[in-house]
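Scroll down for the structure; my scribbles are underneath it.
Atoms within a ligand are numbered from 1 in the order they appear, just like the ligands themselves.
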Amino acid sequence: MSSTTLEGQTDCGPQCEHLLRAGNTNCAGCGMSLGLLWLGEALDGKMPLVVIPACCGIVTAGAFPTTSYSAPVAASTFASAAAVATGLNAVTELNHEDHPVICWAGDGGTYDIGIATLSAAAERNDNIIYICYDNEIYGNTGGQRSSATPLGVATSTSPGGKAERKKDIMAIMAAHRIPYAATLSIAHREDFLRKLRAAQQIKGFRFLLIHSPCPTGWKSEPEESVDLVRYSVDCGLFPLYEVFDGSRYRINLRPAPPTPEAINQYVSRQRRYRSGSLDVDQFIAQIREQWRYLDTMAREFAADDAI
Ligand SMILES: Cc1ncc(C[n+]2csc(CCOP(=O)(O)OP(=O)(O)O)c2C)c(N)n1
Ligand code: SF4
């Protein structure tokens with residue numbers, strides 16, 4: 001629990017570097033585990049208040065009275081996660097406490113079921129950090145499709161391969177003109193930590209999107225998780241970039257133009273792509289279109305002066 005130092009600062013001591021404790025229930029190779037460990041590291045000793053809606057991340061906590069989290073965690077319904085975080089932040093501000101309030105949610109809770117309160121909190125520019133670990137699936141309930149599931153992926157509710165493209169949640173969040181939005185990859189540790197720290201320097205609504213491998217749902221090997229998300233950055237599928245005030249763009253890494261070989265390196269190691277519905281030309285076309293959009297935004301609305 002939090003303590004007050006001589007300087008009057010609230011901190012959580014060294015254990016906060018391990019926001020996620022050992023012995024938790026996450027599957028081997030789960031991207032969420034590394035994400036939580038690095039989140040704890042980037043908090044630099046600050047005690048966060050965490051809100052987690054229904055998802056694997058709330059199962060991670062374990063059964064009361066034990067918990068795998070070393071910070072206070074409020075379990076919320078899908079629909080209310082961002083609203084609960086708004087309330088917690090209001091209480092900390094009233095009490096003049098300095099706790100980063102963090103929402104930690106899956107893509108089902110973010111792109112789909114919780115998007116109403118997410119949008120409302122973003123529009124009000126509430127002072128919270130909303131982090132979506134995007135495993136592109138409803139992992140906790142056995143792997144149904146979400147609107148974050150990419151084109152061609154087979155899930156229990158899209159067994160022949162998903163026919164629709166992944167929703168562009170970053171564009172949706174940028175349209176709220178929030179102070180900061182960024183994409184993060186567990187294959188790029190320095191960039192990951194920098195963005196978490198940058199988010200904490202900014203007041204208002206901050207949105208972070210982590211590409212989070214899920215060996216159980218992706219039907220991949222746990223030891224390949226980090227490589228997989230690196231390949232997705234390398235082939236252009238998951239761009240690393242930041243958006244400031246909804247209008248100034250900064251691209252953090254520019255991969256070579258997509259090739260069938262680069263796509264194959266990513267998809268061939270995941271049995272979720274083996275429905276036979278994957279059209280590589282269509283796949284490459286969507287990556288090119290995404291990059292045309294990002295390049296235009298970064299050229300026309302550069303964030304050169306941003307932190
Ligand atoms: C309103 C509501 N609908 C459905 C559920 C059942 N449910 C619990 S967890 C979950 C999947 C969550 O998926 P996601 O947010 O992507 O997180 P993940 O499980 O992948 O970690 C679902 C559908 C629920 N708890 N509440
Ligand atoms: S099902 Fe996927 S997201 Fe859930 S704990 Fe396992 S690897 Fe992680």
Taking the minimum heavy-atom distance to [atom], which of [options] ranks first?
atom	options	value
atom 14 (P) of ligand 1	Ser212, Ala148, Cys56, Gly108	Gly108
atom 20 (O) of ligand 1	Ser146, Gly142, Gly139, Cys214	Gly139
atom 15 (O) of ligand 1	Ala79, Ala54, Gly109	Gly109

Legend entry - Any Gly217 heavy atom less than 4.0 Å from ligand 2: no
Inset, instruction - Return yes when Asn140 approaches ligand 2 closer than 4.0 angstrom through a heavy atom, no otherwise. - result: no
Should the pair [X] and [Y] be assigned to parallel (<30°), tilted (30 to 60°) or perpendicular (>60°) ring geometry?
X	Y	answer
Tyr293	Tyr249	perpendicular
Phe283	Tyr273	perpendicular
Phe207	Tyr130	parallel

I'd like to check which ligand 1 atoms, numbered from 1 as shown, lie under 4.0 Å from a non-hydrogen atom of [X].
X	value
Tyr133	17 (O), 18 (P), 21 (O)
Ile137	16 (O), 20 (O)
Asp107	15 (O), 16 (O)
Asn135	18 (P), 20 (O), 21 (O)

Inset, instruction - Answer with side chain, backbone, both or neither: which part of Cys56 has a heavy atom less than 4.0 angstrom from an atom of ligand 2? - result: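 The answer is the side chain of Cys56.
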Legend entry - atom 6 (Fe) of ligand 2 to nearest N/O/S of Cys27 less than 2.8 Å: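 Short answer: yes, at least one N, O or S atom is under the cut-off.
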Inset, instruction - Decide yes or no for Ser212 and Met32: does some side-chain heavy atom of the first lie under 4.5 Å from some side-chain heavy atom of the second? - result: yes
Legend entry - Non-hydrogen side-chain atoms of Leu184 and Leu196 separated by less than 4.5 Å: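 Sidechains of Leu196 and Leu184: in contact.
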Legend entry - Pair Arg254 + Asp295: basic N to acidic O under 4.0 Å: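 Judged by the 4.0 Å cut-off on N to carboxylate O distance, Arg254 and Asp295 do form a salt bridge.
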Considering only protein heavy atoms, which is closest to [atom], and at what distance to one decimal place?
atom	result
atom 1 (C) of ligand 1	Phe78 CD1, 4.0 Å
atom 17 (O) of ligand 1	Cys55 CB, 3.3 Å
atom 2 (Fe) of ligand 2	Cys214 SG, 2.3 Å
atom 8 (Fe) of ligand 2	Cys30 SG, 2.4 Å
atom 3 (S) of ligand 2	Asn135 ND2, 3.2 Å
atom 22 (C) of ligand 1	Thr141 CG2, 3.5 Å

Inset, instruction - Any chance you could lay out the salt bridge (charged side-chain N to carboxylate O under 4.0 Å, His left out) test for Lys195 and Glu242, step after step, and finish with the verdict? - result: CA-CA 9 Å; Lys195 287 169 177 169; Glu242 296 161 285; 5.4 Å; no
Inset, instruction - Return yes if some donor-acceptor pair links the side-chain N/O of Ser33 with the main-chain N/O of Gly29 below 3.5 Å, else return no. - result: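 No, the answer is negative, given that no donor and acceptor are paired below the 3.5 Å cut-off.
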Inset, instruction - Using atom types as modelled and distance alone, determine if a side-chain donor or acceptor of Ser156 lies under 3.5 Å from a backbone N or O of Gly143. - result: yes
Inset, instruction - Determine whether the side chains of Tyr266 and Asp234 contain a donor N or O and an acceptor N or O closer than 3.5 Å. - result: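 Their side chains do not contain a donor-acceptor pair, so the 3.5 Å distance test is not met.
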Inset, instruction - Can you establish whether the number of heavy atoms outside Arg177 located under 6.0 Å from its atom CZ is more than 12? - result: no
Legend entry - Region of Asn140 that comes within reach of ligand 1 [heavy atoms, distance under 4.0 Å]: both
Inset, instruction - Determine whether the side chain, the backbone, both or neither of Tyr138 has a heavy atom under 4.0 Å from any heavy atom of ligand 1. - result: both
Legend entry - Which of the ligand 2 atoms, numbered from 1, are nearer than 4.0 Å to a heavy atom of Pro215: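 Result: 7 (S).
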Legend entry - Ser158 versus Val153, closest heavy-atom pair with distance: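 The pair with the smallest heavy-atom distance is OG-O, 3.2 Å.
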